[in-house]
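Because only heavy atoms are used, hydrogens play no part in the values below, and waters and symmetry mates are left out as well, while side chains stay in. Chain naming here is simple, since letters A, B, ... match the order of the sequence lines and numbering starts at 1 in each.
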Number of protein chains: 2
Amino acid sequence: MAEEKTDGVRKTAGTPRALDALDRKILGALSRDATLSYAAIGQDVGLSAPAVHERVKRLRASGTIEATVARLDGAAVGKPLLAFIHVDTEGWGVTTGLLALQEMPELEEVHSSAGDTNLILKVRVASPKALEGLLARIYEVGCVRATRTYTVLSTHLDRPVQAGTTQNLAEGGPVK
Amino acid sequence: MAEEKTDGVRKTAGTPRALDALDRKILGALSRDATLSYAAIGQDVGLSAPAVHERVKRLRASGTIEATVARLDGAAVGKPLLAFIHVDTEGWGVTTGLLALQEMPELEEVHSSAGDTNLILKVRVASPKALEGLLARIYEVGCVRATRTYTVLSTHLDRPVQAGTTQNLAEGGPVK
DNA sequence: TATGAAAATGAGAAATA
DNA sequence: TATTTCTCATTTTCATA
């Protein structure tokens, strides 16, 4: 348990510096394709390559850019089955057992939730059988009252955090 | 490259080539940090830099690596509120209105689901008010019978698709 | 703008089937 | 023996001051 798994946990070690329109455009480009050269991004946003580099460095240091990672195809790595699992727990003593679960690469997201459930899990597994095994291990943690599993039939959209907001996207929107 | 970017939608245009242990280690490293040099990865897995490059090129071409992207901090880009929305629809005619919703950068994931709900949405917004506005627009689509919103209080784990499986987790040490 | 490092490409050698 | 895949050497592009 003495492992320093930072892996994907929020850092937020950043300066609360405001982002301007240029920052947002750069972030938008990088969130789509981080292999773009600074020169190419600079052409898009109207900046020189070193200027883009400077901003990206700042965005990295501030934690706005958490990491640059490869997005893998679930099916291609042998995990074609995606599911969300809602877990109802007794009390708040979930933390200990939770850490053990996070060791499993099948788990991608773990959120505490408001609403009629306590915990929302996003998992990706090889087969229904693997899902069954995963559920069994969740109950082994203890303090689990019930689970509800939502198997994903098809994914229509799956993209990273977007830098843009609705306001600067569509001006004519009927947003009240 | 003038690429047909569909903004995160599955392509799976890949060869069904099996991944060996080396591929998985490389994928694991890149899914954590895609800024690593091929030489550094090569040292980890016991390969030369060009050899790693060759495999990565293959993995990209096959679609196993979908993209290399920057992970952004939701709070830092002005969207501190994460929520899952379950949508109950009437019939299956959701497709048309769905496409309009995907234009909104607040939407990150859209899945069809089995279970007692039809659609699972993952959204990230600036405020409760923005969430309210988003819900309103969802109902505007039509065919929406009901929604259930699960607001995320805190995120304990959020990482990309993992290349490993539970079986080979124990054997493979932490690739540092 | 200039420098250094790393990525990309090609040719030869070794291991495997 | 033929095919695949690694290593080595070279060029070119990009990050960084």
Side-chain angles (χ1 to χ4, degrees), chain A residues 13-15 17 19-20 22-73 76-78 160 163, chain B residues 1-5 11 13-73 76 160 163-164 168 171-173 175-176:
Chain A
T15 316
R17 182 150 193 171
L19 304 173
D20 62 14
L22 259 45
D23 286 328
R24 283 189 165 351
K25 289 185 82 170
I26 292 171
L27 290 173
L30 287 179
S31 70
R32 276 186 297 272
D33 185 1
T35 66
L36 290 168
S37 72
Y38 292 143
I41 297 173
Q43 276 202 329
D44 274 353
V45 305
L47 248 53
S48 73
V52 174
H53 176 243
E54 183 65 27
R55 283 172 178 261
V56 171
K57 209 164 63 177
R58 231 187 43 218
L59 291 167
R60 272 188 219 278
S62 70
T64 305
I65 296 177
E66 293 177 349
T68 300
V69 301
R71 281 176 69 89
L72 309 183
D73 181 42
V77 300
Chain B
M1 287 203 184
E3 214 179 331
E4 284 269 43
K5 264 293 164 49
K11 300 262 190 59
T15 314
R17 182 145 191 170
L19 304 174
D20 62 12
L22 258 48
D23 286 327
R24 296 196 114 86
K25 288 184 85 170
I26 292 171
L27 289 172
L30 287 179
S31 71
R32 276 186 293 274
D33 184 0
T35 66
L36 291 168
S37 74
Y38 293 142
I41 297 173
Q43 276 203 330
D44 277 350
V45 305
L47 248 54
S48 75
V52 174
H53 176 242
E54 181 67 24
R55 293 173 96 104
V56 171
K57 210 163 61 177
R58 244 189 24 222
L59 292 167
R60 272 190 219 279
S62 70
T64 305
I65 297 177
E66 291 177 350
T68 300
V69 301
R71 282 176 69 89
L72 309 182
D73 181 42
N168 63 20
E171 66 173 62
V175 186
K176 189 53 225 285

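One can place CG of B/Asp33 at 14 Å from P of C/dA6, the figure rounded to the nearest angstrom. Spacing between atom CG of B/Asp20 and atom P of C/dT16 amounts to 14 Å, rounded to whole angstrom units. Rounded to whole angstrom, the span from the CD1 atom of B/Ile26 across to the C1' atom of D/dT5 amounts to 12 Å. In this structure, B/Ile41 atom CD1 and C/dA7 atom C1' are separated by 12 Å, rounded to whole Å. For the pair B/Arg58 CZ and D/dT5 C1', the computed distance is 9 Å after rounding to whole Å.
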*For nucleotides 8-17 of chain D, just jot down a letter per nucleotide in 5' to 3' order: B, S or -, based on protein non-hydrogen atoms under 4.0 Å.*
BB-----SSS
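Annotation: the span from B/Ile26 atom CD1 to B/Leu59 atom CG amounts to 7.0 Å, rounded to 0.5 Å. Between the CG atom in B/Asp73 and the CD atom in A/Glu66 there is a gap of 5.0 Å [rounded to 0.5 Å].
Counting only distance, with no hydrogens or angles, the side chain of B/Arg24 and the backbone of B/Ala163 share a donor-acceptor pair below 3.5 Å.
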*side-chain contact (heavy atoms from CB on, under 4.5 Å) between B/Thr68 and A/Val69: does it pass, once the steps are laid out?*
CA-CA 6 Å; B/Thr68 300; A/Val69 301; over 6 Å; no
*What's the verdict on side-chain contact (heavy atoms from CB on, under 4.5 Å) for A/Leu30 and B/Leu72, showing C-alpha distance, side-chain angles and the deciding distance?*
CA-CA 9 Å; A/Leu30 287 179; B/Leu72 309 182; 6.0 Å; no
Return all side-chain donor-acceptor pairs below 3.5 angstrom for residues 39-56 of chain A, not counting sequence neighbours, or 'none' if the list is empty.
residue, atom, partner, partner atom, Å
A/Ser48, OG, A/Ala51, N, 3.4
A/Arg55, NH1, A/Asp20, OD1, 3.1
A/Arg55, NH1, A/Asp20, OD2, 3.1
A/Arg55, NH1, A/Asp23, OD1, 2.9
A/Arg55, NH2, A/Asp20, OD2, 3.4

